[in-house]
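In what follows, chains are A, B, ... by sequence order, proteins preceding strands, each numbered from 1. Scope of the values below: all heavy atoms of this structure, side chains included, with no hydrogens, waters or symmetry mates. Everything numeric here is computed off the predicted structure, so don't read it as measured data.
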Amino acid sequence: MKLKKFLIFTFIIINFIYINQSYSIEPDVFVQSTVNRASEALNNKYSKEEKIEKLKQIASETVDIKGIGYYTLGAYRKNMSENEINQYEILFEQYFLKSFSSRLAEYSNPEIEVVSKKELNKNYTMVSSVLVGTEQRPEVKIDWRIYKKKPENPLIRDLIIEGLSLARTQKEEFSSIIQSNDGDMNALFSTLKEFIK
Amino acid sequence: MLATNVSAGTDGENSLSKKNSGEVKDCFEGVNRATFKLNQVLDGVIFEPIAKAYRVLPSPVRNGTSNALDNLSTLVTIPNNILQGEFKRAGVNTGRFIVNTTVGVVGIFDVAKKIGFTEYEKEDYGQTLGVMGIGPGCYVVLPVLGPSTIRDTAGSFANILGGDAWYNVTIANDTKHFSDFDYYSSRASSGIDFRAKNIYSFENLEKNSIDFYASVRSLYLQDRQQKIANSNAITETQDDSDWEEIETQ
């Protein structure tokens, strides 16, 4: 009886480990699959509006919008009420999706190749890729900060284009708005609302 | 729930250090923003239309112009390689300059690249001062020339104090082979070439920024940080600490 219980327990544990391993996604595979989806969305057979909708869908599934939103706020989060944080989360998601899709929708059939990856720590891997150059534009290096605390559901937290971090740029932009309005978060909310319109 | 998952990071001020703790102050923000606006007007009226016209030129003409301007810039890069103790790079760039100026017809053709020279990376006196450990000082926006820092502006004076061989043979000394016009037209062409290469990036950035001035400042300072570090490894210039404390999974 004891042996039977032991075997059943072992079987469950092995299956659990196997399931976890089989569902974990390597960050480089995740990035390549995401850029392939984005490339398809940017195919010229779609109108600009269709491209934007498809990009928004991809971003919702693959980007840690909430995490980027927190990062972007920096130290100002400390002084915000829960209500303000909730309001910010809603506004930031709309702002991010509009800004992200609008930036990318300008590209047509981009070809991105993943070239390497480097594990920074247990939560982060940096995946390096290149946007293949064309007659109109030179090759561009793009690095992806992948948050992989849940290996089965990796998420993008930052794009670093030729060494320039989009998240950091956004953080400094938000900070500038808050600072120039004497720390009034409502000024940031108004600016975000204006952008989302 | 939020209180347990979220703790605050830095305040988002700019810095050239890896830990962005606000070392680069925008001490003259009011004046800088006004100058930035002036530059935007000048750009809209003069530089952008010229850059757009320049983009209409055939690709070989644009590439040739860009190559020739890069070749001239090696005259500033080489002394900076030496000042930074990068003697091997100085040697490679000297070889590049000789090959491209002769076989490459005054630099129009980047023959050095074709025969296997490493990718060219520009260096300037501002970067050298940074490598020597001199801090950036305040962020400034210069009329026409755009974003800079006190250190980078001071560094650029080295060009007209004998640090740029091209300036020396065109303006500082009467060599009878070159004139002031050659120098100023090459500098103007560099600006137009840069603007033309980035025309859609700027348009896109401006359209999608909620504070375009702050975006440009951030990008300029990040770019300088990257160049001073002389590193292509992204992990060496990115600060991870602010990310570590954000838990969403």
Side-chain angles (χ1 to χ4, degrees), chain A residues 64 66-68 70-79 82 85-86 95 98-100 102-103 106 118 120-121 123-124 126 128 135-138 141 143 145 147-150 153 155 157-158 160 162-165 167-180 188 191-192 194-195, chain B residues 1-3 5-15 20 22 26 29-30 33 55 59 63 66 197-198 200-201 203-205 207-223 225-227 229 231-240 242-249:
Chain A
D64 183 9
K66 194 174 174 180
I68 297 171
Y70 290 163
Y71 170 83
T72 304
L73 271 182
Y76 295 107
R77 286 197 306 271
K78 279 191 293 191
N79 304 320
E82 196 166 323
I85 292 270
N86 290 338
Y95 155 78
K98 183 176 177 182
S99 167
F100 177 84
S102 173
R103 277 172 207 240
E106 306 290 335
K118 182 176 182 182
L120 303 178
N121 53 45
N123 284 344
Y124 290 102
M126 198 71 90
S128 298
E135 188 71 15
Q136 278 76 40
R137 60 161 192 264
K141 289 179 197 159
D143 294 84
R145 178 185 288 275
Y147 181 53
K148 48 160 187 135
K149 191 174 182 192
K150 278 189 181 169
N153 184 29
L155 291 170
R157 275 200 163 173
D158 193 9
I160 300 149
E162 292 287 338
L164 310 176
S165 156
R168 182 170 160 188
T169 305
Q170 195 168 258
K171 180 180 188 174
E172 287 167 4
E173 201 180 4
F174 278 36
S175 172
S176 174
I177 290 169
I178 299 167
Q179 274 176 11
S180 56
L188 176 65
T191 310
L192 290 176
E194 189 62 33
F195 182 87
Chain B
M1 182 68 178
L2 283 167
N5 280 347
V6 178
S7 59
T10 60
D11 60 4
E13 286 187 345
N14 303 292
S15 163
N20 52 329
D26 196 348
E29 187 169 346
R33 281 189 184 268
R55 282 180 66 91
S59 172
N63 287 340
S66 186
K197 279 178 181 166
N198 295 288
Y200 295 117
S201 309
E203 260 179 32
N204 200 324
L205 182 69
K207 197 172 98 184
N208 291 296
S209 291
I210 52 175
D211 185 344
F212 186 42
Y213 168 85
S215 288
V216 171
R217 180 180 62 192
S218 174
L219 291 171
Y220 173 78
L221 294 174
Q222 287 185 61
D223 185 50
Q225 176 193 21
Q226 178 96 343
K227 285 176 174 163
S231 171
N232 287 323
I234 293 303
T235 47
E236 286 177 24
T237 53
Q238 295 295 311
D239 181 14
D240 295 330
D242 288 355
W243 286 110
E244 283 306 323
E245 53 205 17
I246 296 167
E247 301 261 334
T248 53
Q249 284 191 332

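The contact between A/Leu192 and chain B is made entirely by side chain atoms (from C-beta outward), counting heavy-atom distances below 4.5 Å. Heavy-atom distances place the side chain of A/Phe174, and not its backbone, under 4.5 Å from chain B. With a 4.5 angstrom heavy-atom cutoff, B/Glu29 touches chain A only via side-chain atoms. Proximity to chain A (any heavy atom under 4.5 Å) is shown, for B/Lys197, by neither the backbone nor the side chain.
In this structure, the side chains of B/Ser218 and A/Glu173 stay at 4.5 Å or more apart for every pair of heavy atoms. Put simply, the side chain of A/Arg168 reaches to within 4.5 Å of the side chain of A/Tyr71, judged on heavy atoms.
No salt bridge links B/Arg217 with B/Asp211; every basic N to acidic carboxylate O contact stays at or beyond 4.0 Å.
Side-chain atoms of A/Thr169 and B/Gln222 form a donor-acceptor pair, as typed in the model, at a separation below 3.5 Å.
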